[in-house]
Amino acid sequence: MLAILLPAAAAAQQVKFGYLSYDKVLNAMPEHEAVEQNLASLKAQYETETKNAEKEFNEKYEAFLDGRDELDRPILMKRQAELQELLKKNAAFKREAARLLSQAEADMYAPLRSKLDGALKKIGSERGYAFILNTDGNALPYVSSLYGEDITTLVLDEIRK
């Protein structure tokens, strides 16, 4: 009798879960705009510095082209090597700037993600969800409202408290 009742009881229990667009909620957080402004400012600084370096290179290259016919071979080779070194430095700066911007973005968003993750844990626990799914990237093209619940509004209300 017990062997018949246990599987039936297990089947009667429904697994409940929540789902939301993590990015949509993250972008709706009050702190999001400040993070985006800080990132835009930082990006503008790096772009300005990159443009200045490119301008410096272009000026030196033009001067090199204008005077190359009048220079002795050793001086010509020296200036050409200087230009190549400057070009390498500029390329290295661009790579490092991209890395630093990426790291700054991760660092700036970390508190927001932590806050959002905390809200998800709280809501998941309170509502008895087995899990919460992120619908970003078309990861959940179909969900039955009998088992899953869109918790976007709940999460937004929780993080705005």
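Numbering starts at 1 and runs along the sequence shown.
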More than 12 foreign heavy atoms under 6.0 Å from NZ of K94: is that the case here?
no
Tell me whether E85 at atom CD has more than 12 heavy atoms from other residues, nucleotides or ligands lying less than 6.0 Å away.
yes
What's the verdict on side-chain hydrogen bond (donor to acceptor under 3.5 Å, both in side chains) for N27 and Y22, showing C-alpha distance, side-chain angles and the deciding distance?
CA-CA 9 Å; N27 292 336; Y22 196 93; over 6 Å; no
One pair to check against side-chain contact (heavy atoms from CB on, under 4.5 Å): R68 and R79. What are the steps and the verdict?
CA-CA 9 Å; R68 72 178 173 194; R79 292 212 180 142; over 6 Å; no
Are the side chain of T50 and the backbone of Y46 linked by a donor-acceptor contact shorter than 3.5 Å?
yes
Check: K16 side chain, G128 main-chain N or O, donor-acceptor pair, under 3.5 Å
no
Who else is in L86's hydrophobic cluster (ILVMFWY, side-chain heavy atoms under 4.5 Å, direct or via others)?
F57, Y61, F64, L65, L71, I75, L76, L83, L87
Under 4.0 Å between a Lys/Arg side-chain N and an Asp/Glu carboxylate O for E47 and K51?
no
With a 4.0 Å cut-off, would you call E96 and R99 a salt bridge?
yes
Under the ring-ring contact (aromatic ring centres under 6.0 Å, His included) definition, can you give me all pairs with a residue in residues 79-137, not counting sequence neighbours?
F17-F131, H32-Y109
Let me know which of V143, T152, N134, I132 forms a side-chain contact (heavy atoms from CB on, under 4.5 Å) with Y19.
V143
Check whether L26 and M108 end up in the same hydrophobic cluster, where Ile, Leu, Val, Met, Phe, Trp and Tyr are linked by side-chain heavy atoms less than 4.5 Å apart.
yes
With the 4.5 Å side-chain cut-off for hydrophobic clustering, are V35 and L116 part of the same group?
yes
Taking atom NZ of K43 and atom CD of E105, what is their separation to the nearest 0.5 Å?
9.5 Å
Report the distance from atom CD of Q80 to atom CD of E82, rounding to the nearest 0.5 Å.
11.0 Å
Minimum heavy-atom distance between V15 and A130, given as atom pair plus value
CG1-CB, 3.5 Å
All heavy atoms of L42 vs all of A104, minimum pair found to be CD2-CB, 3.6 Å
Between [Y] and [X], is there a side-chain heavy-atom distance shorter than 4.5 Å?
X	Y	value
N38	S41	no
L120	V25	no
L20	T135	no

May I ask you to check whether D107 and Q103 show a side-chain donor-acceptor distance below 3.5 Å?
yes
Does a donor on one side chain and an acceptor on the other come within less than 3.5 Å for S21 and D23?
no
Which side-chain N or O atoms in residues 153-161 pair as donor and acceptor under 3.5 Å with protein atoms at least two apart or in another chain?
unit_1	atom_1	unit_2	atom_2	d
E158	OE1	K161	NZ	3.3
E158	OE2	K122	NZ	3.1

